[in-house]
Asks: 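Got a structure for you, questions after.
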Amino acid sequence: MSRDHVQSAERSAAEAPPAALTGVETPFLELLARGASADAYEQPVLLARAEGRPAETIGALERAKLLALRVRAELEGRRRREAELSALFETAHDLAGLRDLDAVLKAIVQRARSLLGTDVAYLSLNDPERGDTYMRVTEGSVAARFQQLRLGMGEGLGGLVAQTARPYVTDDYFKDGRFQHTRTIDAGVRDEGLVAILGVPLMLGHHVIGVLFAADRRARVFEREQIALLGSFAALAAAAIDTANLLTETRSALAGLERANEIIRDRSAVIERASDVHDRLAELVLRGGGVHDVAAAVSQVLDGTVEFTEAADTAAAPLEASRAEGHAVRHEDDWIAAVTAGGELLGALVLRGHPGLDPVDQLTLERAAMVTSLLLLARRSAADAEQRVRGELLDDLLDARDRDPRLLRERASRLHADLDSTHVVLAARLDGPAADAEQEAAARRRLGAAASHLAATRHGLAAARDGGTVLLLPLTSGDTATDLARRTARHLGTAVHEPVTVGASAPVRDLAAHPDHVAAGYAEGRRCLEALRLLGRAGDGAAAEDFGFLGLLLAGDRDIAGFVDRTIGQVVAYDERRGTDLVRTLDAYFTCGMSPARTKDTLHVHVNTVAQRLERVGRLLGDDWQDPARALEIQLALRLNRLSAPAQH
């Protein structure tokens, strides 16, 4: 029976008097009670006709049937609306407790598919960056290509909905020419087997953010109520997306606030540390603290190990970079802040094992280096005064002005020096080239300061004299004058960044009782210094014991290199060209009393080898090389050649 025929019959039944239905409505009430299908309502009428009932009875049954169908339709509609309202309520409830956007969207699509009774339901969202719309959630879909579709604006039914912000429905997708068909979209729809499709826009205000679809794999007409229902689900989906976006923005804002709070807390802590170290450093300066006190205070504030190091004990490249830039410089896992004053490098503050350093903490380290330089300058002023006193005492010892042992001991004691212990007198001189007199004077001042500092730390004395510096240093047990001279040369050279040559006397004793020993020792040290200069060993250190009587011979301006070259130059040159060992053989020969047998034992070679080498020496030096006078010159030249070689430290 058609929809129009039913509606006409319903109107006729409505116009008939109610009494005409008396007694014939019972079968239909039973059908309504048990929720029978629409076809079952024909059975009472067909049975009456089969039984030959009067026409009036059959007519009454027809009218009762139509009324019952009307009531059934009304009940079905109410049940459907209740189900729709329930589904919308449940969806709104899910939205109110939104935790997972994907779960809410999937629930919306599932309920839309269930209530509309379609084979497939799906939802797409617009992608503003790419200018198209893409599948977000599908329900009932079986085709992978369909689930991965992207629709350009205006392409396919969904693209048209997204572009126009209006619902669109098609009874047969492939026969509908109102929208643009594309090969990709049509292939996806064909894979899924869809025919009838309904699409409604997801709106946020006046903007379309996506499309909600319901589709069947057969031809179908979607009624107005179904379109409205899908639109309601679309509104809920849009609200869910908007809520999720707001939640995301809120969470992001909260995370940003948390990060900002963390930064503020960190900044506050850093500022507090900076204030703390400022107070501590100010207190240290006021009570006359030292550089190591500064390092200890900064260590506590920066929660690390800070040390003051001498320039010679600090990595050169980062120290120079810090000095040039005026900032702390990272070196591997450490930070180095140069301690300077007036362009002079005094040392460094080193923060150990702290690669990650806050800028404010870096500034704290730099300020601590500045305070350290001020303390060092103050200490230097005091040291300068002490240096003058030390220099005066050493000058008095050198000039033997004061011969009162008791008074000398008292003066030395005030300087923490002990004149009764064994000492060495050292003469030091710069050997680097000076550009002009001003630079030379500045270099001498640096040498004097370095020597005074060394003397103060070693409980000795130092004074400027004869264009250089003289030091009186105690000799520790197990040490030699030569070791002390070489160590002093290295220390002073590193401090002034120029070669410093040091000559040392033999150990001197009882200086309080015999101050003239200091003057004698200084003269001996100067002879050693002159010997080192003549031998070309600038920047080295040696003692009188290293030269013996040669120290006296070398005192003066003599051409040592020329003498060696004239005497044994041909043998030396032969060894250098051929890689032979004639010079060593010749030296061993004289040492062994000119005995080839003992020479071969010393050299651990065959006696024939010694003979062959000496024969070669004779051809180079001449047949008279073993004559006494000539042999003495050769032995002296061998000794000078050996001494002029760089010392083995």
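As the structure is a computational prediction, the values presented were derived from the model and not from experiment. Only heavy atoms go into these numbers, but all of them, side chains included; no hydrogens, no water, no symmetry mates. Counting from 1, the numbers follow the sequence of the chain as shown.
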Asks: Are the side chain of T314 and the backbone N or O of E310 linked by a donor-acceptor pair below 3.5 Å?
Replies: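 Yes: the side chain of T314 pairs with the backbone of E310.
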
Asks: For D623, is the CG atom crowded, meaning more than 12 foreign heavy atoms sit under 6.0 Å from it?
Replies: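 Atom CG in D623 is not crowded, with 12 or fewer foreign heavy atoms closer than 6.0 Å.
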
Asks: Would you check, one step at a time, whether the test side chain to side chain contact (heavy atoms under 4.5 Å, CB included) holds for R465 with D395?
Replies: CA-CA 9 Å; R465 181 163 286 223; D395 283 336; 3.1 Å; yes

Asks: Do the side chain of T488 and the main chain of L484 share a donor and acceptor less than 3.5 angstrom apart?
Replies: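 Yes.
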
Asks: Report yes or no: does E524 contribute a side-chain atom to a donor-acceptor pair with the main-chain N or O of A506 at less than 3.5 Å?
Replies: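 Checked: pair present.
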
Asks: Are the side chains of R584 and L603 in touch, meaning some heavy atoms are under 4.5 Å apart?
Replies: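 Counting from C-beta outward, R584 and L603 do come under 4.5 Å.
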
Asks: Say you draw a straight line from CG of L419 to CG of L408; how long is it, rounded to the nearest 0.5 Å?
Replies: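 Output value for this atom pair is 6.5 Å.
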
Asks: Where do S505 and V424 come nearest, in terms of heavy atoms and distance?
Replies: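 Distance-wise, the nearest heavy atoms are O-CG1, 3.6 Å.
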
Asks: Let me confirm one number: the CZ-CG distance from R487 to L473, rounded to the nearest 0.5 Å.
Replies: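 Here the interatomic distance stands at 9.5 Å.
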
Asks: Distance check, rounded to the nearest 0.5 Å: L475 atom CG versus T422 atom OG1?
Replies: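 The CG atom of L475 sits 6.5 Å away from the OG1 atom of T422.
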
Asks: Under the criterion side chain to side chain contact (heavy atoms under 4.5 Å, CB included), I'd like the reasoning laid out for D334 against E307: C-alpha separation, chi angles, the key distance, then a yes or no.
Replies: CA-CA 11 Å; D334 302 337; E307 299 175 351; over 6 Å; no

Asks: Under a 4.0 Å N-O cut-off, is there an ion pair linking E530 with R526?
Replies: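 Judged by the 4.0 Å cut-off on N to carboxylate O distance, E530 and R526 do not form a salt bridge.
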
Asks: Can you tell me how far apart CZ (R446) and CG (L430) are? Round to the nearest 0.5 Å.
Replies: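 So the CZ of R446 and the CG of L430 are separated by 8.0 Å.
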
Asks: Looking at every non-hydrogen atom in both residues, tell me the closest pair between A428 and L447 and how far apart they are.
Replies: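 Nearest pair, atom of A428 first, then L447: O-CD2, 4.3 Å.
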
Asks: How many angstroms lie between atom OH of Y589 and atom CZ of R598, to the nearest 0.5 angstrom?
Replies: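 Going from OH on Y589 over to CZ on R598, the span is 10.5 Å.
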
Asks: Looking only at atom types and distance, does a side-chain atom of R537 sit under 3.5 Å from a main-chain N or O of G539, one as donor and one as acceptor?
Replies: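 Between the backbone of G539 and the side chain of R537 there is no qualifying donor-acceptor contact (under 3.5 Å).
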
Asks: Report yes or no: does D466 contribute a side-chain atom to a donor-acceptor pair with the main-chain N or O of G468 at less than 3.5 Å?
Replies: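 Not at all, since once roles are kept as given, no pair shorter than 3.5 Å links the two residues.
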
Asks: Side chains of R630 and L621: closer than 4.5 Å at any heavy-atom pair?
Replies: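 Side chain of R630 against side chain of L621, heavy atoms only: contact under 4.5 Å found.
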
Asks: With a 4.0 Å cut-off, would you call D431 and R533 a salt bridge?
Replies: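 Looking at D431 and R533, the cut-off is not met.
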
Asks: Is there a side chain to side chain contact (heavy atoms under 4.5 Å, CB included) between V508 and V518? Walk through the geometry before answering.
Replies: CA-CA 7 Å; V508 291; V518 178; 5.7 Å; no

Asks: What are the two closest heavy atoms between T602 and C592, and how far apart are they?
Replies: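 Result for this residue pair: OG1-SG, 3.2 Å.
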
Asks: Atom CG in L586, atom OG1 in T591: separation rounded to 0.5 Å?
Replies: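 The CG atom of L586 sits 9.5 Å away from the OG1 atom of T591.
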
Asks: Does the plane of the ring in H459 sit parallel, tilted or perpendicular to the ring in H416? Use 30° and 60° as the thresholds.
Replies: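 Rings of H459 and H416: perpendicular, as their planes differ by over 60°.
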
Asks: Taking the side chain as C-beta and beyond, is there a heavy-atom pair between T585 and V617 under 4.5 Å?
Replies: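 A side-chain contact under 4.5 Å is absent here.
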
Asks: Report yes if the side chains of L461 and L397 come closer than 4.5 Å at any heavy-atom pair, otherwise no.
Replies: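 L461 reaches L397 side chain to side chain.
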
Asks: Using a strict cut-off of less than 4.0 Å between a Lys/Arg side-chain nitrogen and an Asp/Glu carboxylate oxygen, indicate whether R613 and D575 qualify as a salt bridge.
Replies: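 A salt bridge is absent here (no side-chain N lies under 4.0 Å from a carboxylate O).
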
Asks: For a 4.5 angstrom cut-off between non-hydrogen side-chain atoms, does R639 reach F590?
Replies: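 Result no, sub-4.5 Å side-chain heavy-atom pair not found.
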
Asks: Which heavy-atom pair separates A338 from L345 by the least distance, and what is that distance?
Replies: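 Nearest heavy atoms, A338 then L345: CB-CD1, 4.1 Å.
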
Asks: Give me the atom names and distance for the closest heavy-atom approach of I336 to A348.
Replies: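 Shortest heavy-atom separation between I336 and A348 comes out as CG2-CB, 4.0 Å.
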
Asks: Using modelled atom types and a 3.5 Å cut-off, is there a donor and acceptor pairing between side-chain atoms of T567 and backbone atoms of V564?
Replies: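 Such a contact is absent between T567 side chain and V564 backbone.
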
Asks: Is the backbone of H327 close enough, under 3.5 Å, to the side chain of S322 for a donor and an acceptor to pair up by distance?
Replies: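 Checking the backbone N and O of H327 against the side chain of S322, a donor-acceptor pair under 3.5 Å is found.
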
Asks: Of all the heavy-atom pairs spanning C528 and G503, show the shortest one and how long it is.
Replies: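 Reported closest heavy-atom pair: CB-CA, 3.9 Å.
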
Asks: Going by heavy atoms in the side chains, are T599 and L614 under 4.5 Å from each other?
Replies: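 No, too far: nothing below the 4.5 Å cut-off.
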
Asks: Heavy atoms, side chains only, cut-off 4.5 Å: are L532 and R429 in contact?
Replies: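 A side-chain contact under 4.5 Å is absent here.
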
Asks: Can you find a heavy atom in the side chain of L511 that is under 4.5 Å from one in the side chain of L472?
Replies: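 Of all side-chain heavy-atom pairs linking L472 with L511, at least one is under 4.5 Å.
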
